[in-house]
Amino acid sequence: MELLKGLNSSQREAVVNYDAPSLIVAGAGSGKTRVLTSRIAYMLHQGVPAHRIMALTFTNKAAAEMRERIGHMIGGEQSRRLWMGTFHSIFLKILRYEAARLGYPSSFTIYDTADSRNLIKQIVREMNLAEESYKPNTIQARISLAKNNLVTADAYEANAEYTTEDRHRKMPAFAQVYKEYARRCRANAAMDFDDMLLNVNILLRDAPDVLAKYQERFQYLLVDEYQDTNYAQYVIIRRLAAEHSRVCVVGDDAQSIYSFRGAKIENILRFRNDFPDAQTFKLEQNYRSTQTIVNAANSVIKNNVNRLPKESFSAGAEGEKIKVLKAYTDQEEASMVADELRRRVRTDGAAWSDAALLYRTNMQSRVFEEAFRRRGIPYRIYGGMSFYQRKEVKDLLAYMHLIVNPRDNEAFRRIVNYPARGIGDVTVGRLAAMATARGVSLWEVAAGDSLQEAGLNAGAAAKVREFVELISSLSASRAGAELYEFGLDVATRSGIIGNYKMEQTPDAQSALDNIEELLNSMQTFARDVVGEMEYDPTTGELVAGEVAAPSVADWLQSITLLTDQDNDAPEDRNKVTLMTIHAAKGLEYRYVFVAGLEENLFPSAMSMDGADGIEEERRLFYVALTRAKEVAVLSFAATRYKWGSMEFCRPSRFLKEIDRQHLDATFDLEDDAPKPAGSPAWSEKTPAWSPKSSASSPSSKMPSAILPKTTRPDPSRFRKMGVRPAASSAPSSDAVRTVADSGNYVVGQRVAHSKFGIGTITSVEQAGNDHKVTVDFDTDGPRTLLTKFAKLAIVG
DNA sequence: CGGACGAGGATTTTT
DNA sequence: TCCTCGTCCG
């Protein structure tokens with residue numbers, strides 16, 4: 001049969017035996033995605049209705065790719081009806097649909113990590129707790145851990161073990177903070193990431209009819225990257241599968257790298273206990289990498305105790321030995337890596353995009369950026385500040401959130417005085433006091449007629465009313481308007497655009513670029529969604545036909561869980577990829593460079609106090625190595641700058657764990673005497689879900705997302721295309737100004753956009769001081785753009 | 001009330 | 001080193 005062609009025998013077994021619980025243990029590069037997509041396609045082919053299948057993936061990108069591949073195999077009509085996505089995005093749909101059962105409006109807001117940390121900070125302040133011992137990050141991590149283990153605030157408070165532990169950790173009031181946090185989220189009609197999973201569990205536990213409905217609906221469950229699911233996700237699966245589902249989980253215990261986020265490797269280790277009649281399929285042949293790389297990776301991972309027996313092998317070429325680069329400083333490391341990379345790519349005639357540089361922490365990227373830039377090596381960085389976490393984007397989104405969900409107090413606070421409109425802390429404090437007293441939202445107080453009673457003077461009250469007026473009128477205009485029009489309306493009338501335009505700085509311009517990008521995404525979304533079929537989440541039946549016009553709420557929903565990936569901008573092609581190893585999961589490159597192989601960096605210092613921690617770091621190293629198809633190069637430095645001061649480093653123990661026969665090192669690793677191994681004694685009686693002491697100081701940064709460092713158009717592009725930059729709101733040369741002011745935007749004019757390419761203007765409209773033009777792009781279709789954003793260039 | 005400036009603190013990984 | 005928070009002044 002066509003679908004099974006080219007599969008090896010174990011892959012084929014894993015595909016055709018779809019009617020019983022299955023554990024597919026898939027080593028790195030073993031064709032896991034292929035098996036998963038083939039299995040689904042095969043099921044569809046055998047007559048399983050698409051709407052009976054739920055496939056859970058680790059990222060949205062993975063889901064999109066699988067959907068596309070299945071579409072090719074079996075047809076888009078069916079693949080579109082599959083429920084495929086991350087736990088969060090799939091269950092968000094169900095949560096919106098069933099929100100009422102949980103006492104939420106279906107328009108509830110989703111708080112990202114920054115939102116929830118702000119709220120925690122505020123609560124700690126309000127409760128007058130010592131900020132030294134109640135660090136927001138610590139609190140957040142602990143709340144997250146509790147939720148991931150399905151411990152609600154009330155359950156937490158009632159558990160003496162937890163509260164005793166909190167007293168020891170000098171946070172006796174933690175349970176109260178947790179309770180208040182949960183209360184406030186609910187009052188704001190908001191859920192954080194962890195709430196989504198927790199609430200799904202509550203829903204499935206407390207609403208038997210809902211449970212039965214979805215059990216009936218989803219009779220086939222597939223879970224990818226099962227080794228990285230947490231307890232909450234595990235219970236969801238068990239609940240849904242309890243009636244008659246066939247669960248198929250796919251994963252590799254050797255690649256479990258998310259325990260800091262609550263992932264439980266035990267889920268995959270114990271699958272066969274949970275489903276005693278499960279069949280196991282092992283995919284051990286690695287089709288990705290050379291024998292050297294696979295064997296080297298095996299030699300490292302065998303140092304882990306906690307693992308499923310499995311030996312992956314490669315039938316490919318033996319390949320080059322793994323080169324190890326030793327540098328004296330982190331700067332030199334960057335230079336050596338950059339030189340080596342350039343040499344490889346050039347001599348092999350490879351593309352820059354064939355190479356990736358992986359590191360343990362985001363902060364390591366900086367020196368490499370410099371080294372690459374100096375050599376003119378094109379690169380792109382995944383990670384760092386995500387697009388959706390930029391201030392200007394969050395501000396604009398806060399307006400939309402407040403409009404969609406007026407109960408969202410956090411959104412209210414964020415924008416009530418941004419851009420500055422004279423509503424200060426004192427005023428907000430008075431509003432908040434009354435809101436608390438009356439048990440209503442800030443918005444309700446602000447929009448009510450008790451401003452005077454709240455203690456506001458006439459001036460403050462007038463400003464608040466003006467703000468209320470603004471939001472109300474924006475809210476009213478949303479009904480008739482197109483998505484993009486509405487977004488533009490918000491950005492303009494809120495004063496955000498004007499505010500940045502006044503600044504006339506590069507930062508402000510970049511903020512404007514980002515706002516434009518956001519507005520463009522509304523346009524793209526609207527265009528993509530219109531005409532899509534709409535299906536009932538419960539039955540999978542076609543609802544009312546095609547989606548006519550998406551709402552703001554639809555759009556917000558689509559972006560809240562959109563984190564990274566997806567943003568494959570065309571200008572990012574043929575560049576070296578720089579990213580953390582975590583971000584590299586699931587990807588592959590011909591050349592992989594892994595930098596910073598030093599004790600306390602990789603393995604990270606934070607992981608040193610337990611055997612589990614080191615094993616996870618080792619798995620992370622395993623993941624890093626197995627990203628390489630042909631060549632792996634490892635590097636480390638003897639000294640490294642940290643917080644401005646120099647530190648000495650020893651080579652990572654992982655280097656020594658690699659079988660020497662696979663290494664090409666011009667020096668003796670043993671020269672640098674390894675530190676005595678960390679004591680393996682870790683506490684025996686921590687509660688199953690309880691954080692180890694180290695787990696409570698998580699990062700304050702939340703990187704993710706891949707955006708090019710700057711989104712500014714590269715001027716050289718214009719030169720090459722024989723065009724010149726047009727209207728710019730930034731200070732610009734006279735020549736440029738002339739182009740803009742002389743109204744060169746006329747119908748029929750050919751123009752270039754840094755992202756959408758070249759197109760023809762089909763309409764021009766005056767919009768205040770600016771022009772609103774519609775451009776029919778040659779490759780990308782028609783779009784409405786504002787010339788004030790200054791990304792259009794006149795061609796010719 | 002809002003902006004500018006200075007000091008001090010922080011860095012593991014992210015759906 | 002860089003970013004965030006707090007304080008001070010207009």
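Only this structure's heavy atoms are used, side chains among them; waters, hydrogens and symmetry mates stay out. In what follows, every chain begins at residue 1, and chains take the letters A, B, ... in the order their sequences are listed.
At B/dT15, none of the side-chain N or O atoms of A/S89 fall inside 4.0 Å of OP1 or OP2 (strictly under the cut-off). The side chain of A/N362 contributes an N or O atom lying less than 4.0 Å from OP1 or OP2 of B/dT14. Applying the 4.0 Å criterion to OP1 and OP2 of C/dC5, one finds that A/K121 has a side-chain N or O inside that range.
When distances run from any side-chain atom of A/T361 to the nucleotides B/dT11, B/dT13, C/dC2, the shortest one goes to B/dT13. Ranking B/dT11, B/dA10, B/dT13 by closeness to the A/K135 side chain, first place goes to B/dA10.
For A/R465, there are no side-chain hydrogen bond (donor to acceptor under 3.5 Å, both in side chains) partners at least two apart in sequence or on another chain. Here A/T33 pairs with nothing under the side-chain hydrogen bond (donor to acceptor under 3.5 Å, both in side chains) rule; sequence neighbours left out. Applying the side-chain hydrogen bond (donor to acceptor under 3.5 Å, both in side chains) test to A/T86 and every residue at least two apart in sequence or in another chain returns A/S89. Partners of A/E392 according to the side-chain hydrogen bond (donor to acceptor under 3.5 Å, both in side chains) rule, which considers only residues two or more places apart in sequence or in another chain, are A/N514.
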Provide a list of protein-nucleic acid N or O atom pairs under 3.5 angstrom, restricted to nucleotides 1-8 of chain B.
residue, atom, partner, partner atom, Å
B/dC1, OP1, A/G424, N, 3.0
B/dC1, OP1, A/T427, OG1, 3.3
B/dG2, OP1, A/N417, OD1, 3.3
B/dG2, OP1, A/N417, ND2, 3.1
B/dG2, OP1, A/G422, N, 2.9
B/dG2, OP2, A/N417, ND2, 2.8

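Heavy atoms of A/F58 sit under 4.0 angstrom from primed sugar atoms or phosphate atoms, though from no base atom.
You cannot call A/Y258 stacked on the base of B/dT13; the centres under 5.5 Å and planes under 30° rule is not satisfied.
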Let me have the donor-acceptor pairs involving side chains of residues 420-429 of chain A, under 3.5 Å, with sequence neighbours excluded, atom names and distances please.
residue, atom, partner, partner atom, Å
A/R421, NH1, A/Y399, OH, 3.4
A/R421, NH1, A/I415, O, 2.8
A/R421, NH1, A/V416, O, 3.0
A/R421, NH2, A/Y399, OH, 2.8
A/R421, NH2, A/S494, O, 3.3

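Using modelled atom types and a 3.5 Å distance limit, the side chains of A/Q364 and A/T361 yield a donor-acceptor pair.
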